[in-house]
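Below you will find the structure I want to go over with you.
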Amino acid sequence: MAPINANDINDAKNFVPAKQVLPEVETDNGNGKASSKGYSYETLQETANFLLSRISEIPSIGVICGSGMGSLAEIIKEAVRIPYEDIPNFPVSTVEGHHGQLVFGNIGDVAVVAMQGRFHYYEGYPLWKCCLPVRVMKLIGVKTLIATNAAGGLNPTYKIGDVMIVRDHINMMGFAGNNPLHGPNDERFGPRFPPMSKAYNYEFRKIAKEVAQELNMENIIREGVYTCLGGPNFETVAELNMLKMVGVDAVGMSTVHEVITARHCDMNVFALSLITNECVTSYADDAGEANHEEVLDVGRMRQDILRKYVSVLIDRFSKIETNP
Ligand SMILES: O=P(O)(O)O[C@H]1O[C@H](CO)[C@@H](O)[C@H]1O
């Protein structure tokens, strides 16, 4: 063993624990507005009030557009578009394929708001911040959340371009204690221990399967289990094989925390995954590799059918009374 050297001891004395030198992703800004545990109810109310002052009709349904699926918001009529950077306390989108604005208006007779661009954990936002727009939607009066995402198909029967109705999810990041509800709970949003066994509304899923038949989409519609990983790297072969073993059908980097936040504040939830690529579960030399361009291309390829499907779903969902 090398002898202990006096310089090493002096270096050790100067050592500053990482906690003191690394900035937190989100810190208290001194006016009590931001903290690592999330914005207060009152702060989000300010954001909601700002948005309410810009619109003439309160939306009942909120849509989150997945990667490459931003064109879903283009079916909104009498659109009022508000860029994220203009909205107090909002994060900004940094990912290609995520525009970065809220679009208010009507789809058919239904007042809606769409997020053209969502926030992901890998962008550097803590999970509570990724989900901040969901709480804001709740505060402006949205009752139902429709979350869409692009996902890798892990179920071997799935094909690129299939549309998976999400029946359930596995919160992989939650297994490691990373949850959007981590931290003090404000009962005005919801309970400390919200149940998740009925996260994806049964009635909505039933309607979605019926509508798929009406629109002759039955050959591309699936129903399955989604999981979200932190990203931004796509998964290894071993990781995907593990996820397959535990019953995951589609893999992405979003949605789960949004759904948890929405259910916490008692919103009805429906989610769709567009299968944009095949998950690579073999080490074969000729097996492809996932890439974001393919994800965006498949989103574009399916934009017409998704726009039609989502607009009919919005109409049907708006007509039923559901218990979340
Ligand atoms: O979940 P959405 O936002 O649709 O995007 C998915 O596509 C991106 C990877 O191509 C990741 O952000 C993944 O989560």
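Indexing begins at 1, ligand by ligand and atom by atom, following the structure's order. Since the model is a prediction, treat every value here as computed from it, not as a measurement.
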Subject >> Shortest protein heavy-atom distance from atom 5 (O) of ligand 1, along with the residue and atom involved >> reply: S67 OG, 2.7 Å
Original post:
Is it the case that more than 12 heavy atoms not belonging to H292 sit under 6.0 Å from its NE2 atom?
Top reply: yes
Original post:
Which residue supplies the protein heavy atom nearest to atom 2 (P) of ligand 1, what is that atom called, and how far is it?
Top reply: R118 NH1, 3.4 Å
**OP:** Could you list which atoms of ligand 1 come closer than 4.0 Å to a heavy atom of F234?
**Re:** 9 (C), 10 (O)
Original post:
What do you reckon, is CZ of F90 surrounded by more than 12 foreign heavy atoms closer than 6.0 Å?
Top reply: yes
Subject >> Nearest-neighbour protein heavy atom for atom 1 (O) of ligand 1, which is reported as residue plus atom name and distance >> reply: S254 OG, 2.5 Å
Original post:
Does the distance from a Lys or Arg side-chain N to an Asp or Glu carboxylate O, for E42 and R188, drop under 4.0 Å?
Top reply: yes
**OP:** Could you tell me which atoms of ligand 1, counted from 1 in the order shown, lie closer than 4.0 angstrom to a heavy atom of N149?
**Re:** 1 (O), 4 (O)
Original post:
For ligand 1, which atoms have a heavy atom of M253 less than 4.0 angstrom away?
Top reply: 11 (C), 13 (C), 14 (O)
**OP:** Around atom 12 (O) of ligand 1, find the nearest protein heavy atom and jot down its residue, atom name and distance.
**Re:** Y122 OH, 2.6 Å
**OP:** Report the nearest protein non-hydrogen atom to atom 9 (C) of ligand 1: residue, atom name, distance rounded to 0.1 Å.
**Re:** H292 ND1, 3.5 Å
Original post:
Do the side chain of T148 and the main chain of I64 share a donor and acceptor less than 3.5 angstrom apart?
Top reply: yes
Original post:
In ligand 1, which numbered atoms sit nearer than 4.0 Å to a non-hydrogen atom of V295?
Top reply: 7 (O), 10 (O)
**OP:** Mark up the atoms of ligand 1 that fall under 4.0 Å of a heavy atom belonging to G66, in ascending order.
**Re:** 4 (O)
**OP:** Please could you name the atoms of ligand 1 that H120 approaches to less than 4.0 Å, counting only its heavy atoms?
**Re:** 2 (P), 3 (O), 5 (O), 12 (O), 14 (O)
